[in-house]
Amino acid sequence: MRPTLPVLLSAALGLIRGSNGQTILDRTSPSLANPFSVPLPIPAVKQAIATYTDPDTSTVIDFYEVKLTPFTKKIFPDIAGTGAKLVGYDGTEPGPTFLVRKGTETVVRVVNQNTVAAGGNGRSSAVHLHGSYSRAPFDGWAMDLIPTGYSKDYYYPNKQSARTLWYHDHASRLTAVNTVSGQYGQYIVYDPAQEAALDLPRSGSPYDIPLSISSRFFTASGDITDESAERTSIYGDTITVNGAAMPFLRVVGRRYKFRVLNAAPSKSFKVKLTVDGTTTVVPLLIVGSDSGIMERVVATNDLYLAMAERWEIIIDFSQHVGKNLTFTTEHIFADIGYTGPEATTLLKFIVTNDAVTDTTGNRAFADGDSLVDLSLERPTQLTKPVDQTFVFARRIGRPWTINDKVFDDAESRVLRNVPRGTEEKWQLETAGGWSHPIHIHLVDFQVISRTLTNPNQALGRVGVLPYESAGLKDVVTLGENERVVVVARYAPWDGVYMFHCHNNVHEDNDMMAAFNVTALPDFGYPDTTILADPMDSRFRAIPYPGPPNVGQITSTVLPGFARLKAYGNVAEVNRHLDEYWASKTGAVASSTTTTTSTTSTTSSTTSTTSTTSTTSTTSTTSTTSTTSTTSTTSTTSTTATTLTTSTTSSVGSVTTARPRSDGRCGPQFANAPCEQGGPWGNCCNGAETLLLTAPVAQHLHPQPPEAMEDAVENSEEQDVTPTGHSEDAAAHMDGAEDLPTTVPWPADANLAVALPHRFRRTEGVEQALAERFAQDLNVVASMDGVEQLASIAHRLI
C-alpha cells in the first residue's frame, strides 16, 4: 500500500516534513485496542529428521525438511475474523529457528505447498541463507525458483564464525510480497567453546532470544495489504516483533542476549531502550554483527538497523528490577513515517522480581571490552585504490538500477569478475534522495569509510559507526547522499553470486546485479566437483517426492551430498589460495571485468566469452579479460602491479596450462593436458568422483524447461549471465571429450547442464519498461501542473 500520490510527490520535494525532516502520514492500518497484551512469541527450534556422518571426513550432515505453508494469524486480537492470510515456513511467522553447531553441515529440503487449493497464493519461492558462504547452486539465486508442488535441497556449510544468519525468500519479482507474507526466520550457527570462553548467554537458552522485526500495512479486517503493484517501498505503519505487534516479554534481573534482525521489506529503524515514565536511556552493549562476535564490545544509546542487518546485543536488566522498559524506533532516512505507537514501538520488557536461578552467561560487559581476535578474518588491503564504484540510483522512467544496469537484462547482469582469493575495494554510493542497504553475497566485508556523495548537500552521515568498525558485515547502510567504501576477500569458492539493495521492492525492480568469482585455471588445490553455476541443473527444484524416508535420506541423499566434498577444509582452501597468489608476480590479483557509471571513468574493457559472440563494453582501468567456458584467465595491468600466470603459455589465441593430475584439465582449464594421459572431460578418472548415485540424481536432476515455464511468475527468463561454468560441469558429468558451445536438454533431463537463455538479452524487458513508464505518464497526466512537476521530481531522485 502506497501513500496517495500527491502526498508522496510533495514529500519528495520536501514540502511535508516532520520535526526530524521525515515525512509523517496518518496510519491506515487498524490501531491496537490493547497494546502490550500479547506475549512475545519465541519461534520453535527446528529439529533434524536424519543425520549422516561422512566416513572420509567425519563431518556430520543433518537433514531438515521445511514446508512453505499458508496459514492465518491474528495480528490485531480484537478484530473479529481469522486475521492475516500469510504464507510461512512450516506455517509460522517467523519460521522456526535453526540452531546448528558450528562445523555441522546441513541439507534443508524446502517444499513449496503454497497452493491456491490450500488457501495460498500460488507463488513460487527461492530461499537464501543470508550470511552463509554457500556454494552458488545453494545460495538462492533469484531465478532458481521452487514452484508450488516442487522441492529443492539446499546444502549449507555452517563452518564460518558463529553468527546470526537468517533465511528468507529471494524469488525474482516476488521477494517483497513473499516477505510481507511472513517468509523469513533466523538460522543460528553457534560455537559452544566460544560462548563458554566469553561467558555469553548460551544459544538456545532462555537468555539468548531472537528478535525478528518487520513493518507492514494491514487492512481494516486485519489482513496484510496487497503490495504486488508497489514499485517504491513498503514502509509499513505497524511494526511486529517475532510476528506480534507491540508484544511484551517478562525477564528477570540478569543479562540477556538478543539477536536483533531487521526482516522488514523496506523500513530501517533506529532503536533505543528507555525506562518507562522517565527519560533514562538504557545502554545497548553490542557484541555481535552480521558476521558474528566482534573484536570488542561497543556501548551505544541507539542502534541503526537497516533491512537484513543483524546485531547481537546484551541488555543488563539487573538495575531495573520492578520496572518496565520499552524498545522504540525513530523514523530515519527517506523512509515515510506514520502516526500512532504501532509505527514506532517494538517491544516492552517487564522486569520481574523473580529470583535469578541461572547465572550461566551472566558476565558483566563494558564498553571496549575485548571479545575475539579478528585479525585473520579481516581484509588486509585497506589502503589499496578503489577497484570498482557501484552507483545505486533510480532514473526517470527506469526501474531501480546499479550503474544504470537492470537485473532483468541477463546480458549485462554480471557487473564484476573477481579472481578467486583476491581482495577488492568497492565504493558504493547513492544517487538521489533514497537510502539503500547493500548486501553482498558470499563474503564478509570491512566498512572502511562513509562520506557524502555530494558534499554540497546537507543530507547524509559522515564516518563509520563504532559498532560497524568493530566487526565484519555483509550488509552496509547507504543513507541518502552517502558513499561507503568496503573491502572483502572473494573466497573461498568460485562462482556467480548476487549483490543488491535489500529494500525488497528495489531489488524486485532490478536493483540487483551479479559478480563472478572466477576460477583459477592453474590453481593446484583439487576441488572435487564444479559448483560455480547458480542455475546448476543437478540441483534445481523437482516435483516433491513426498514425505522423506529416513532410510533413503541416510543411505542415499546425504551420502550423495557428502561425495560432492563441497565445503571440504575451508582453512586449507584459503591457505592454498594465499600460497597461489603469493607465488605470482606482484602477489595480489586485481580486477578483471567491471562496469561503472561514474562520469570520470572513460577507459574501457572488452570482455569476450568463448560460448557466445556477444561483446560487452564496460568501464574500468584499462583491463582486458577473456572468460573461458569455466573460468576467467586474466592478465591485469595496473599502475602498480602486473599480474602474470607463470604456469601457462600462450599458443596463438589458445592458452595451454601445465599438465594436471587432479581432473582440472581440458578446454575449461586453459587446455591443460591430462598428466596421466586420460581424455578431456574424464581426466585421470576425475569424472568418477563427480557422479551421483541414481537415487540421489533422481531428486537432484532438473526438469526440462517446458515443465517449469508455467510456474515461473513475473519473470521473462529463468537463467543467468555468462559464467562459463555450466559447460564445464556438463563435460565432467557426461565424460565428453569435446566441449560443445551449448549443451542441449537431454530427453530424460539427466545430469547434463543446459544454458537455454544464458547469453540472450531478456525478451520483453524493454517492452515491460516502456509499459511501466507509460503507466506512470498516464498517472501524471491526470494531475494539475504542480503535481506533475512534483511527480517528475520524485522520479528523478
Side-chain angles (χ1 to χ4, degrees), residues 1 28-30 38 41 43-44 46 64-97 108-128 140 145-152 167-185 212 214-230 234 236 238 240 242-245 263-265 504 508 541-548 707-715:
M1 174 186 292
T28 59
S29 299
V38 175
K46 187 68 177 177
Y64 299 82
E65 182 176 83
V66 176
K67 295 181 178 179
L68 193 58
T69 309
F71 68 104
T72 58
K73 180 177 184 177
K74 299 193 72 170
I75 307 295
F76 301 88
D78 298 300
I79 296 179
T82 57
K85 298 179 181 65
L86 305 176
V87 180
Y89 302 108
D90 284 352
T92 62
E93 184 212 2
T97 298
V108 180
R109 178 169 295 173
V110 178
V111 185
N112 188 349
Q113 295 185 331
N114 179 24
T115 62
V116 174
N121 50 46
R123 295 187 183 118
S124 296
S125 178
V127 180
H128 172 50
L145 300 179
I146 310 173
T148 56
Y150 280 63
S151 65
K152 176 180 169 75
Y167 60 102
H168 61 82
D169 184 80
H170 214 302
S172 175
R173 300 287 185 193
L174 299 173
T175 300
V177 290
N178 284 346
T179 300
V180 167
S181 73
Q183 294 176 35
Y184 60 89
S212 300
S214 188
S215 182
R216 292 166 290 186
F217 297 105
F218 295 88
T219 67
S221 64
D223 198 0
I224 55 174
T225 54
D226 180 3
E227 302 292 347
S228 57
E230 182 55 59
I234 306 169
T238 302
T240 58
N242 290 358
N504 295 156
D508 274 347
I542 69 163
Y544 179 47
M708 302 286 287
E709 285 176 356
D710 294 339
V712 179
E713 303 169 330
N714 301 319
S715 226

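Since the structure is predicted, the reported quantities are computational estimates derived from the model, not experimental observations.
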For the residue pair [X] and [Y], establish whether any side-chain heavy-atom pair is separated by less than 4.5 Å.
| X | Y | result |
| --- | --- | --- |
| Ser172 | Leu174 | no |
| Asn112 | Lys67 | no |
| Val108 | Val66 | yes |
| Lys152 | Arg109 | no |
| Thr225 | Phe218 | no |
| Gln183 | Leu68 | yes |

- Worked verdict on Asn121 versus Val87 for side chain to side chain contact (heavy atoms under 4.5 Å, CB included): CA-CA 8 Å; Asn121 50 46; Val87 180; 3.8 Å; yes
- Message: Quick one, Tyr184 with Ser214, criterion side chain to side chain contact (heavy atoms under 4.5 Å, CB included). Give me CA distance, side-chain angles, the key distance, then yes/no.
- Response: CA-CA 10 Å; Tyr184 60 89; Ser214 188; 4.1 Å; yes
- Ring centre gap for Tyr89 and Tyr167 strictly below 6.0 Å: yes
- Ring centres of Tyr544 and Tyr150 under 6.0 Å apart? no
- Query: Salt bridge between Arg216 and Glu93, side-chain N to carboxylate O under 4.0 Å?
  - Reply: yes
- Is a salt bridge present between Arg123 and Asp169, judged by a nitrogen-to-oxygen distance below 4.0 Å? no
- Between Ser228 and Asp226: side-chain donor-acceptor atoms closer than 3.5 Å: yes
- Just by distance, with hydrogens left out, do Asn504 and Thr179 show a side-chain donor and acceptor under 3.5 Å apart? yes
- Note on the structure: Here the gap from Thr92 atom OG1 to Phe71 atom CZ, rounded to the nearest 0.5 Å, amounts to 6.0 Å
Please give me the minimum heavy-atom distance between [X] and [Y], naming the atom from each residue.
| X | Y | value |
| --- | --- | --- |
| Pro43 | Gly95 | CB-O, 3.7 Å |
| Thr148 | Asn114 | CG2-O, 3.1 Å |
| Ile234 | Pro265 | O-CG, 3.8 Å |
| Gln113 | Pro70 | O-CD, 3.6 Å |
| Ala171 | Leu145 | CB-CD2, 3.7 Å |
| Gly243 | Lys73 | O-NZ, 3.2 Å |

Just by modelled atom types, is the [Y] backbone N or O under 3.5 Å from a matching donor or acceptor in the [X] side chain?
| X | Y | value |
| --- | --- | --- |
| Ser151 | Val111 | no |
| Asn242 | Pro41 | yes |
| Asn178 | Ser124 | yes |

- Message: Tell me whether Lys74 at atom NZ has more than 12 heavy atoms from other residues, nucleotides or ligands lying less than 6.0 Å away.
- Response: yes
- Just do the side chain to side chain contact (heavy atoms under 4.5 Å, CB included) check on Glu230 and Val177 with the steps written out, would you? CA-CA 9 Å; Glu230 182 55 59; Val177 290; over 6 Å; no
- Could you walk me through whether Leu86 and Ile224 pass side chain to side chain contact (heavy atoms under 4.5 Å, CB included), step by step? CA-CA 8 Å; Leu86 305 176; Ile224 55 174; 3.7 Å; yes
